[in-house]
Enquirer: 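Have a look at this one before I ask anything.
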Amino acid sequence: MSSDRFRLLFAKKASEAFRAAYSEEYAASGDEQVFNEEYLLQQLEQPKDPSMGRFALPVFRYGRLLGDKPPDIAVKVAGRMNELPGDSDLVRAEAAGGFINARVNPVELTSDTLDRVLSQGSHYGDSDLGRNRKYLIEYCSANIAKPYGVGHLRSTIIGNSLRRVFRKLGFDTIGINYLGDWGTQFGKMIVAYRKWGENVDLNSNAVKKLLDLYVRFHDEAKKNPSLDDQARAAFKQLEDGDPEAVRLWETFKSISLAEFDRIHRMLGVEFDIITGESFLNDKMDAVIERLEKAGLTRLSEGALVVPLDDPNLPPCLLRKGDGATLYATRDLAGLVYRWETYRFHESLYVVGSAQADHFKQAFKVIAMLEEAEGLVPSERMTGRVKHIDFGWVKFEGGAMATRSGNIIFLEDVTDKAVALAKEKILEKNPSLESIDETAHQIGVGAVIFSQFSVRRQKDVNFVWKEVLNFEGETGPYLQYTHARLCSLLRKYSGEITAEIDPALLAGAEEQRVIELLADFPAIVEDTARTYDPHLIASYLLRLAAAFNKVYQRKTSDGRSDKIISDDVNLSASRMALVKSVQTVLHEGLYLLGIEAPEEM
RNA sequence: GCCCCCGUAGCUCAGUAGGAUAGAGCAUCGGUUUCCUAAACCGAGUGCCGCAGGUUCGAUUCCUGCCGGGGGUACCA
């Protein structure tokens, strides 16, 4: 939680109050560090229930030090704090058990927050945290010649979101799609195509036909293991530049690239660089040489490896027995290339947790190399490269695997979601102008949001019933709330400004919304710190729910308490809130990669 | 065998660098629209927080062991 002026003042007062209320013990403690402002600021936390206060200071740890009971300490210190001169209005201390709760002046918080949101608009929550720092984020990394399944969706949308989050924080962020366009799998594809692909027409539906070949290869390889040897040989041909193998590879690649491009447009996903493993083909020898020169390599069972000084990791393979390279070799070349080219602040790899060991190995090799070469710390990338892992996408509880053909095509999912969204629009808002476009935004939004519904590290279940549910904690719920806010904005004819009477927004429901609005910048930073957009997703649900309470509220006589009414000042105040929530909801959805239609 | 991740309400999950009575959604039941979009809102209830120890003023959170699920474990990526 970042510090604002309320927290700073609270910490300052608490520090003074401790010294005043316990002057003797303070002098005797010899540990004044726990009483200084910076330390206290760090100790501030969020009360369990927002109604208890905006933030709180637990004082349990002072019990022994001050020889007093925590609840008594809280009472004494809180009392002193409220007696201190200066800005006595801004934040009030309130003892509650072993906590000192902070009551922030609602008028100040309201005008402060609304002023910032309304004046900064979509830039609210921006930061210069990342000024002059480069951030690399690799995501998607789909494999050429394989279909785009829901498995790839997770990496793609997490990475796409992180790219937007880091940009917002001022980092010079580069999103990289590092396609799997090289490796033994292409040997398999080449063998399969030579054997069974002569009569396959690749002019239509090519991706699915290539998948059929791939699946058939694995089926037949079970009965006939010599196929795997043929595949390795074919990949070796490809690496050696055999023209026919290269021609086939290029065909597979162009088919896939066109397909990926189409799908990414459909999802609204962006990349700054699209490259592939093959880009590194001419950069691997140099890395291998460096490792050899550093004395880290060894020949083992015919293969060239780097033994790692970690008993839990197998050696990292650089060259197979036949001299061909591996995934790890290319990733090492990529690490070195990116470090030399960009000198990044951090470089992230958004890849599933199944590859955790692979990244541990690669990062370990780099660390050993940098150590062996005696590089100064500023020349080392160790510690700056991170594997951002995530759990599996399970289908109705089971595993998905390309090889067995047990896979859900992403487009089948989005098509269904979009169709359902269209059905709902026709039912609820048939006069809407751009029905197809809106249905697309809602359907795709629902699919994307479903991936953010759990923390990054956890497996996410793909269940049709849940992905196609538009009620409750879903993307469409957020979009719907946003659309209603836009509807109010269209209807309201007055000017929207932060120059309103904050007292008119003093109700508990409004205050809850304002507190959440004030939290947004910290949420964006937390997302960057944890590399998990789930935080934004759950925050937006809280914000939308809090606003819907205001929106649906009834007056004491049972009538709905309208946002826009005959009371000009009240309407203006509420509309300032409406515009602020709409702004943050829109920006938050943008950070997740989800569109926010104005009507639906 | 060894290593990593996970285990919270019937289901799916939150629980923010230990803290205040462990929270949401779905599902179930009931209610709200003379209509600023009911894709919403309100109400109803359920928890040996996998088990057993340990550290601490305080553990769902940290440590150890065990049980259960998933993943990884050199010529796939």
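Chain letters run A, B, ... following the sequence lines, proteins first, then strands; residues in each count from 1.
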Enquirer: Across the strands shown, which category fits A/Gly63 at heavy-atom distances under 4.0 angstrom: base, sugar-phosphate, nothing?
Expert: nothing
Enquirer: So A/Asn101, base contact, sugar-phosphate only, or nothing? Heavy-atom distance under 4.0 Å.
Expert: base
Enquirer: In whole angstrom, what separates A/Leu44's CG from B/G19's C1'?
Expert: 14 Å
Enquirer: Base, sugar-phosphate alone, or nothing: which one does A/Gln479 contact when heavy atoms must sit under 4.0 Å apart?
Expert: nothing
Enquirer: Pick the nucleotide of RNA chain B nearest each of A/Val550 and A/Glu277; which residue has the one closer to the 5' end?
Expert: A/Val550
Enquirer: Expressed as a whole number of Å, how far does the C1' atom of B/G25 sit from that of B/G70?
Expert: 25 Å
Enquirer: How would you label the contact of A/Arg542 with the nucleic acid (heavy atoms, under 4.0 Å): base, sugar-phosphate, or nothing?
Expert: nothing
Enquirer: Go through the structure and list residues passing side chain to side chain contact (heavy atoms under 4.5 Å, CB included) with A/Leu326, not counting sequence neighbours.
Expert: A/Leu317, A/Lys320, A/Thr329
Enquirer: So what does A/Lys458 touch, heavy atoms closer than 4.0 Å: a base, only the sugar-phosphate, or nothing?
Expert: sugar-phosphate
Enquirer: Using the C1' atom on both, measure B/U46 against B/C62 and round to a whole Å.
Expert: 30 Å
Enquirer: What is the distance, to the nearest angstrom, from the CZ atom on A/Phe359 to the P atom on B/C4?
Expert: 19 Å
Enquirer: Can you list the stems that RNA chain B is part of, where a stem is at least 3 pairs in a row, each Watson-Crick or G-U, with both distances below 3.5 Å?
Expert: B:1-7 with B:67-73, B:10-13 with B:23-26, B:28-32 with B:40-44, B:50-54 with B:62-66
Enquirer: Nearest-Å distance, NE2 (A/His218) to C1' (B/A77)?
Expert: 11 Å
Enquirer: For A/Gln43, does the CD atom have more than 12 heavy-atom neighbours from other residues, nucleotides or ligands under 6.0 Å away?
Expert: yes
Enquirer: B/C4 and B/C66: how far apart are their P atoms, nearest whole angstrom?
Expert: 13 Å
Enquirer: Taking atom types as modelled, find out whether A/Asp557 and A/Thr555 have a side-chain donor-acceptor pair closer than 3.5 angstrom.
Expert: yes
Enquirer: How many whole angstroms separate atom CG of A/Asp331 from atom P of B/C76?
Expert: 16 Å
Enquirer: Are A/Trp464 and A/Phe462, when compared by the centres of their aromatic rings, separated by less than 6.0 Å?
Expert: yes
Enquirer: Looking at B/U56, I'd like to know if its phosphate oxygens (OP1 or OP2) sit under 4.0 Å from a side-chain N or O belonging to A/Arg61.
Expert: no
Enquirer: Do you see a donor-acceptor pair shorter than 3.5 Å between the side chains of A/Asp526 and A/Tyr539?
Expert: no
Enquirer: Determine the contact category for A/Ile425: base if any of its heavy atoms lies under 4.0 Å from a base atom, sugar-phosphate if only primed atoms, P, OP1 or OP2 are that close, otherwise nothing.
Expert: base
Enquirer: Hey, does A/Ala96 reach any base, or is it just sugar-phosphate, or nothing, if we go heavy atoms under 4.0 Å?
Expert: base
Enquirer: Assess the pair A/Tyr477 and A/Phe449: is the distance between their ring centroids shorter than 6.0 Å?
Expert: no
Enquirer: Between B/C49 and B/A24, how many Å separate the two C1' atoms, rounded to a whole number?
Expert: 16 Å
